[in-house]
Amino acid sequence: MTSWKKYIVGGTIAALLTVSAGSVSAASYTVQPNDSLWLIAVKNGTTVEKLKQMNGLTRDWIMTGEKLQVPDPQGFTTISVRPDDTMWKISQRYGVPLSKLIRANPQIPNPSIIWGGLTVRIPLKPAAYPDGVFPLAAGTFSPFPNNYAEAREWSPDSPAVRAHEGVDIFADKGTPVYSVLDGTIVRYGWNQYGGWRLTIRVDDNTDFYYAHLSAYAPGLKAGDKVKKGQLIGYVGSSGYGPEGTEGKFLPHLHFGIYKRTPTYRPIDPFLYLKWWQL
């Protein structure tokens with residue numbers, strides 16, 4: 001079921017299509033040896049409660065070989081393997097590095113053994129910046145859904161529903177944050193929405209935005225050049241108030257991408273993040 005809601009974006013009213021939870025599509029997952037409901041939930045970006053609800057389970061145990069329904073992963077499309085396919089052939093056919101293709105399919109126990117009719121996830125390659133690095137190290141953050149354009153209500157002046165202009169990646173306070181690409185720091189310091197934040201210009205038309213930091217990497221300042229993979233700060237919960245405000249939400253990195261022309265505007269960073277994560 002879909003519905004339209006109106007949100008305030010930059011002082012104008014924008015209509016955004018929202019999809020209700022009941023319309024989420026599902027994919028099939030075969031339980032592997034040593035799997036648990038918790039591990040399967042983590043692999044598929046959901047919770048044990050939702051996983052049990054999707055499958056009508058009242059028990060907490062599962063059996064190897066059992067088929068479960070899991071949320072259809074965002075950031076991927078799926079294909080059916082041809083009889084003579086290998087993962088390498090599939091990677092070449094879809095222009096996806098073999099390493100990324102294998103990491104996109106953790107449900108396949110041995111990538112060297114696939115067969116006709118098997119379902120394989122193909123990660124969706126973003127339109128630009130395919131060589132970026134994920135801003136948090138593997139194993140330091142929680143699986144993240146696409147919450148770009150969700151409603152946000154905090155405003156410094158008066159209650160006003162606005163559209164979320166990035167994707168939130170939850171991690172412990174103090175988790176290191178790294179620059180996705182080479183660039184120049186064009187904004188540094190406090191912002192009442194983003195708290196301690198950095199805006200890094202990666203080309204003439206694109207800024208990457210890192211917000212809610214608990215601290216910056218030592219020595220950084222506006223105008224500095226940074227390199228891809230360089231430490232730039234640490235996850236926090238700063239923002240939503242005057243300088244120094246923190247703790248109004250769980251610690252996370254808010255990551256956004258902004259285009260500068262024809263007007264300064266956000267774009268959805270989710271597919272970029274999913275690609276960099278692999």
Side-chain angles (χ1 to χ4, degrees), residues 24-55 57 59-83 85-126 130-147 167-172 175 178 180 252-253 255 269-278:
V24 174
S25 59
S28 179
Y29 178 88
T30 301
V31 176
Q32 303 299 316
N34 300 317
D35 263 345
S36 66
L37 285 173
W38 177 83
L39 185 60
I40 295 170
V42 169
K43 285 181 182 178
N44 291 276
T46 187
T47 65
V48 170
E49 291 74 18
K50 289 181 180 178
L51 195 60
K52 291 174 72 172
Q53 184 179 31
M54 287 185 72
N55 291 276
L57 292 176
R59 52 185 165 88
D60 294 319
W61 52 270
I62 50 178
M63 298 180 293
T64 299
E66 186 175 358
K67 299 283 188 182
L68 296 178
Q69 294 296 300
V70 296
D72 208 7
Q74 296 176 301
F76 303 92
T77 187
T78 58
I79 59 109
S80 184
V81 172
R82 300 172 183 175
D85 262 342
T86 63
M87 292 294 270
W88 182 84
K89 286 182 179 179
I90 295 170
S91 74
Q92 295 299 298
R93 188 157 71 242
Y94 290 93
V96 175
L98 179 59
S99 59
K100 287 186 180 290
L101 182 64
I102 290 173
R103 286 195 290 270
N105 289 276
Q107 80 283 6
I108 299 177
N110 185 348
S112 298
I113 303 175
I114 60 173
W115 54 90
L118 180 69
T119 297
V120 169
R121 299 172 183 168
I122 307 297
L124 299 176
K125 190 174 182 178
D131 297 326
V133 298
F134 197 79
L136 302 176
T140 66
F141 58 93
S142 300
F144 57 96
N146 189 0
N147 49 31
V167 167
D168 292 337
I169 308 165
F170 287 85
D172 290 339
T175 300
Y178 303 95
V180 172
H252 66 275
L253 173 67
F255 179 80
F270 182 75
L271 286 183
Y272 297 86
L273 288 165
K274 295 297 287 186
W275 179 264
W276 297 330
Q277 182 188 4
L278 293 174

So, Phe255 versus Phe141, ring centres under 6.0 angstrom or not?
no
How close do [X] and [Y] get, heavy atom to heavy atom, and via which atoms?
| X | Y | value |
| --- | --- | --- |
| Ser142 | Ile169 | O-CG2, 4.5 Å |
| Lys52 | Leu37 | CG-CD1, 4.0 Å |
| Met87 | Pro111 | CG-O, 3.2 Å |
| Ala104 | Arg121 | O-CD, 3.2 Å |

Any side-chain heavy-atom pair from [X] and [Y] closer than 4.5 angstrom?
| X | Y | value |
| --- | --- | --- |
| Ile122 | Ile90 | yes |
| Leu273 | Phe134 | yes |
| Pro130 | Lys125 | yes |

Got a sec: does the CD of Glu66 have more than 12 other heavy atoms crowding it under 6.0 Å?
yes
Nearest 0.5 Å, what's the [atom1]-[atom2] distance between [X] and [Y]?
| X | Y | atom1 | atom2 | value |
| --- | --- | --- | --- | --- |
| Leu101 | Arg93 | CG | CZ | 10.0 Å |
| Leu68 | Leu57 | CG | CG | 6.5 Å |
| Phe170 | Leu253 | CZ | CG | 10.5 Å |

Would you check, one step at a time, whether the test side-chain contact (heavy atoms from CB on, under 4.5 Å) holds for Phe144 with His252?
CA-CA 11 Å; Phe144 57 96; His252 66 275; over 6 Å; no
